[in-house]
Enquirer: 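There's a structure below that I have some questions on.
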Amino acid sequence: MPINGTSSFNRSSGIDEPQLEAFELYRFYHRGDDETAALRGISLQLCAGELVALLGPSGSGKSTLLACLAGLEEPDGGHVDVMGQRLSRRPEAVRAGLRARHIGMLMQSGNLFEHLTVEGNMSLQMSLAGRKDRGKLDALLEVTGLAGRRGAHPSQLSGGEAARAGLAVALSAEPKVLLADEPTAEVDAATETVILDHLVERCHGNRDMALIATHSKALASRADRVLLIRDGRLVDA
Ligand code: ADP
Ligand code: MG
């Protein structure tokens, strides 16, 4: 399991194609006179077909990095390219369009619209990306163990169910790039294994890419590569 920021991934079946690239990302937060440097010069390349785990202590910048990579937050320095197109410092409509077409994002919370059911949230995500394959929706509900909860509203879901529903939504448009913030934090071991099998299959079978912030050893052990973040910087093990 190589540990570094640039891709050393090389599978005999294909050429390395960076699907997501970050160049010298900086992100600062200010509260009164206090400044937090959440990201301090992060560069990385994530390629087709790889499942990458992002590990680091609480407060190290994992969520900030994922939000910047998804274009949900603007970096204060540096930029992000997705599928060869500039995402950073583009008008919100352009960023939203690139995100809908290429990126599935699972945040730590706030992934579901309260007034829609689980299935409704998934359908909305599919239609934003211009997709219609209902069969995929059923398969994803099965994988995430939510087949019996498709008609539930977010307020009726447990923490683990909400996380799984968020993942189902993030995957429903079959994004080339999946960014997931601790997707299995509140999920039991058996369900985590099923979800992991699915993520590995997407990456290795479809040559999709996933970057997953996690504290899970099981998840890290299944990753092609592990990135370690400390105090806003990628570090060696
Ligand atoms: P992680 O996901 O690894 O726990 P975060 O990206 O959430 O780390 O946070 C990185 C640092 O930035 C922490 O010191 C955190 O307190 C700070 N931070 C994150 N979001 C904000 C915000 N909206 N306002 C102020 N500080 C923030
Ligand atoms: Mg976080």
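One-based numbering, in listed order, for ligands and for the atoms of each.
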Enquirer: Is any side-chain N of the basic residue among Arg95 and Glu73 closer than 4.0 Å to the acidic one's carboxylate O?
Expert: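 Not counted as a salt bridge, because no side-chain N and carboxylate O are separated by less than 4.0 Å.
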
Enquirer: Report yes if some N/O of Ser63 lies less than 3.5 Å from some N/O of ligand 1; otherwise report no.
Expert: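 Yes - when backbone and side-chain N and O of Ser63 are compared with those of ligand 1, one distance drops under 3.5 Å.
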
Enquirer: Do any N or O atoms from the side chain of Glu192 and from the backbone of Val187 form a donor-acceptor pair under 3.5 angstrom?
Expert: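 No: the side chain of Glu192 does not pair with the backbone of Val187.
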
Enquirer: What part of Thr64, side chain, backbone, both or neither, has a heavy atom within less than 4.0 angstrom of ligand 1?
Expert: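 Both backbone and side chain.
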
Enquirer: Among all protein heavy atoms, pick the one closest to atom 23 (N) of ligand 1 and tell me residue, atom and distance.
Expert: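 Heavy-atom neighbour on the protein nearest atom 23 (N) of ligand 1: Tyr29 CE2, 3.7 Å.
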
Enquirer: By number and element, which atoms of ligand 1 are closer than 4.0 Å to a non-hydrogen atom of Pro57?
Expert: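 Going through ligand 1 atom by atom, the ones under 4.0 Å from Pro57 are 3 (O).
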
Enquirer: In terms of residue, atom name and distance, what is the protein heavy atom nearest to atom 13 (C) of ligand 1?
Expert: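 Residue, atom and distance for the closest contact: Gly59 O, 3.6 Å.
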
Enquirer: Which option, Glu35, His30, Lys62, Arg27, owns the non-hydrogen atom nearest atom 3 (O) of ligand 1?
Expert: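 Closest candidate by heavy-atom distance is Lys62.
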
Enquirer: Quick check against the 3.5 Å criterion: does Arg202 have a side-chain atom that pairs as donor or acceptor with the backbone of Pro175?
Expert: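 Yes; judged by distance alone, with no hydrogens or angles, the pair exists.
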
Enquirer: Look only at the side chain of Arg149 and the backbone of Gln156, and say whether a donor-acceptor pair between them is shorter than 3.5 Å.
Expert: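 Flag set: sc Arg149 to bb Gln156 pair under 3.5 Å.
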
Enquirer: For the atom pair CG (Leu39) and CG (Asp231), what is the distance rounded to the nearest 0.5 Å?
Expert: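 Answer rounded to 0.5 Å: 11.5 Å.
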
Enquirer: Name the closest protein heavy atom to atom 8 (O) of ligand 1, giving the residue it belongs to and the distance to 0.1 Å.
Expert: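 Ranking protein heavy atoms by distance from atom 8 (O) of ligand 1, first comes Gly61 N, 3.1 Å.
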
Enquirer: How wide is the angle at the Mg ion (ligand 2) between OE1 in Gln108 and OG in Ser63, to the nearest 10°?
Expert: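 The angle at the Mg ion (ligand 2) comes to 80°, rounded to the nearest 10°.
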
Enquirer: Does the protein put a heavy atom less than 4.0 Å from atom 15 (C) of ligand 1?
Expert: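 When distances to the protein are checked, atom 15 (C) of ligand 1 has no heavy atom within 4.0 Å.
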
Enquirer: Is it the case that the side chain of Asp224 and the backbone of Val52 share a donor-acceptor pair, with hydrogens and angles ignored and the cut-off at 3.5 Å?
Expert: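 Pair absent, no side-chain N/O of Asp224 close to backbone of Val52.
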
Enquirer: Distance-only, no hydrogens or angles: does the Thr144 side chain make a donor-acceptor pair with backbone N or O of Ala165 under 3.5 Å?
Expert: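 Such a contact is absent between Thr144 side chain and Ala165 backbone.
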
Enquirer: Heavy-atom contact check, 4.0 Å cutoff: does Ser60 meet ligand 1?
Expert: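 It does, in that a heavy atom of Ser60 comes within the 4.0 Å cut-off of ligand 1.
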
